[in-house]
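Beneath this line is the structure, given in structure tokens, with notes to follow.
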Amino acid sequence: MKGIVTKSTGSWYEVKVEGGDIIKCRLKGIFRLDETKEKDSNPVAVGDKVEIEKGEGEDWMIAVIEPRENYIVRSSPKHKGARQIIAANMDQALLIVTMANPRTSTGFIDRFLLTAEAYHIPTVIVFNKQDLLEGKASKAKNKQDFVAEIYQNIGYKTVFISALKNEHIEELKDVMKNKTSLLAGHSGVGKTTLLNTIEPGLGLKTLAISKNTGKGMHTTTFVEMHPLNFGGSIIDTPGIREFGILDFKPEEISHYFIEMREVLNKCKFNNCTHENEPGCAVRRAFEDGEISEERYINYLTILADYKANYKHWE
Ligand SMILES: Nc1nc2c(ncn2[C@@H]2O[C@H](COP(=O)(O)OP(=O)(O)O)[C@@H](O)[C@H]2O)c(=O)[nH]1
Ligand SMILES: [Mg+2]
Ligand SMILES: [Zn+2]
């Protein structure tokens, strides 16, 4: 039987099969052996298309994992240096950000976008908590206008909502309809609130406590895919903070800054990192105001961080 993995605990999985039934499955031993060969600490992820079969006894087993269209990883909480694939086969990511209570930095946004671009996941930036900004020319509202424009100018879609007050949610639903979306954003931006607003029936689930550890969901590694009543599904991920494990060369980082990608082939050196090399087209575009200062500075910061940690991944 074919199905899609909708929940992963690491030791067992929920697979939604054709017809809609959810079947609890384990993984055939053959996949587990691969762990040591690959750097991945889990061979199956939410969103994976799989084939399941009856194993010995009554257990269902995942027997085949189909090749992934895309996936996203984080560093494994359990095995240092290992990657954990947390979701696969997404149509898009929804990055939830807020300019007040708490404020999402563009540094955070750019790190996420870098990862998403590297893993071929189109991203929509969702500005939540509009109700806190309405009606005043507040500092936070000005900041939002400034930040939103940066991303709109380079081609990212933006949506402005209030998850709490149920404002402009229809617009977001249009974006989500019939697609598999990864829900991302740091703690406190309103991801759980948004899930409850668009799919009230899920409320209890997102607040659930892990049966295994007795701890809150945010401390677990569980990732879950929820079906949406208007078509499509959403993948909810605890612990988005550790996204961004990349294994490419430092000079390749700019390939995932979409506005830099367009000019970097004009740099004099093909391994240009756009810091201060002569004949750098990216630096020139920044100086000419074609690349935003915010993005360029974030790029340099990410590059420096990456270089400092790069050896680890070689
Ligand atoms: N004012 C306002 N508060 C919100 C909104 N969305 C979420 N919140 C509040 O922000 C806090 C964190 O929300 P939560 O959904 O737990 O964030 P998560 O950590 O991203 O899941 C809660 O107190 C929510 O009530 C919103 O649109 N407007
Ligand atoms: Mg939450
Ligand atoms: Zn350059």
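In each ligand, atom 1 is the first atom listed, and ligand 1 is the first ligand listed.
- Under a 4.0 Å criterion applied to the non-hydrogen atoms of Ser187, ligand 1 contributes the atoms 19 (O).
- Nearest to atom 17 (O) of ligand 1 among the protein's heavy atoms is Gly190 N, 3.0 Å.
- The side-chain contact (heavy atoms from CB on, under 4.5 Å) test with Leu194 singles out one residue from Leu164, Ile234, Asn128, Ile169, and that residue is Ile169.
- At a cut-off of 3.5 Å, with distance as the only test, a side-chain donor of Ser181 or Gln92 sits close to an acceptor on the other residue.
- Only the side chain of Asp131 comes within 4.0 Å of ligand 1, counting heavy atoms alone; its backbone N, CA, C and O stay farther away.
- Draw a line from the Zn ion (ligand 3) to SG of Cys267 and another to SG of Cys272, and the angle between them is 120° (to 10°).
- Ligand 1 has no N or O atom lying under 3.5 Å from any N or O atom of Lys165, backbone or side chain.
- Residue-to-ligand polar distances keep Gln130 apart from ligand 1: every N/O pair is separated by 3.5 Å or more.
- For atom 9 (C) of ligand 1, the closest non-hydrogen atom of the protein is Lys129 NZ, 3.8 Å.
- Below 3.5 Å of separation, one finds an N or O of Gly188 facing an N or O of ligand 1.
- Only side-chain heavy atoms of Asn128 come within less than 4.0 Å of ligand 1; its backbone N, CA, C and O stay farther off.
- For atom 2 (C) of ligand 1, a protein non-hydrogen atom is found at a distance below 4.0 Å.
- Side chains of Asp110 and Tyr256: a donor-acceptor N/O pair is absent below 3.5 angstrom, by distance only.
- Taking a cut-off of under 4.0 Å to the non-hydrogen atoms of Lys191, the atoms of ligand 1 that pass are 15 (O), 17 (O), 18 (P), 19 (O), 20 (O), 21 (O).
- Because the distance cut-off is set at 2.8 Å, Thr192 qualifies as a neighbour of the Mg ion (ligand 2) through one of its N, O or S atoms.
- Interface atoms of ligand 1 facing Val189, defined by a heavy-atom separation under 4.0 Å, are 17 (O), 20 (O).
- For Ser254 against Leu264, the heavy-atom pair with the smallest separation is OG-CD2, 3.5 Å.
- Heavy atoms of Gly185 stay at 4.0 angstrom or farther from ligand 1.
- Not a single N or O atom of Leu132, backbone or side chain, sits closer than 3.5 Å to an N or O atom of ligand 1.
- Neither side chain, Ser292 nor Glu294, offers a donor N or O lying under 3.5 Å from an acceptor on the other.
- Here the protein heavy atom with the shortest distance to atom 24 (C) of ligand 1 is Thr193 OG1, 3.7 Å.
- Ionic pairing of Lys307 and Glu275 is present here: one or more N-O contacts between side-chain nitrogen and carboxylate oxygen are shorter than 4.0 angstrom.
- At a threshold of 4.5 Å between non-hydrogen side-chain atoms, the residues Tyr296 and Glu259 do not count as touching.
- In this structure, Phe160 and Gln144 have side chains that are in contact, with non-hydrogen atoms separated by less than 4.5 Å.
- Residues Arg103 and Lys143 meet the side-chain proximity criterion, which asks for heavy atoms closer than 4.5 Å.
- Taking 4.5 Å as the limit, some side-chain heavy atom of Arg295 sits within range of a side-chain heavy atom of Ile154.
- Note on His274: its N/O/S atom closest to the Zn ion (ligand 3) is ND1.
- Residues Val50 and Tyr13 fail the side-chain proximity criterion, which asks for heavy atoms closer than 4.5 Å.
- Residue Thr192 has at least one heavy-atom neighbour below 4.0 Å for each of these atoms of ligand 1: 15 (O), 21 (O).
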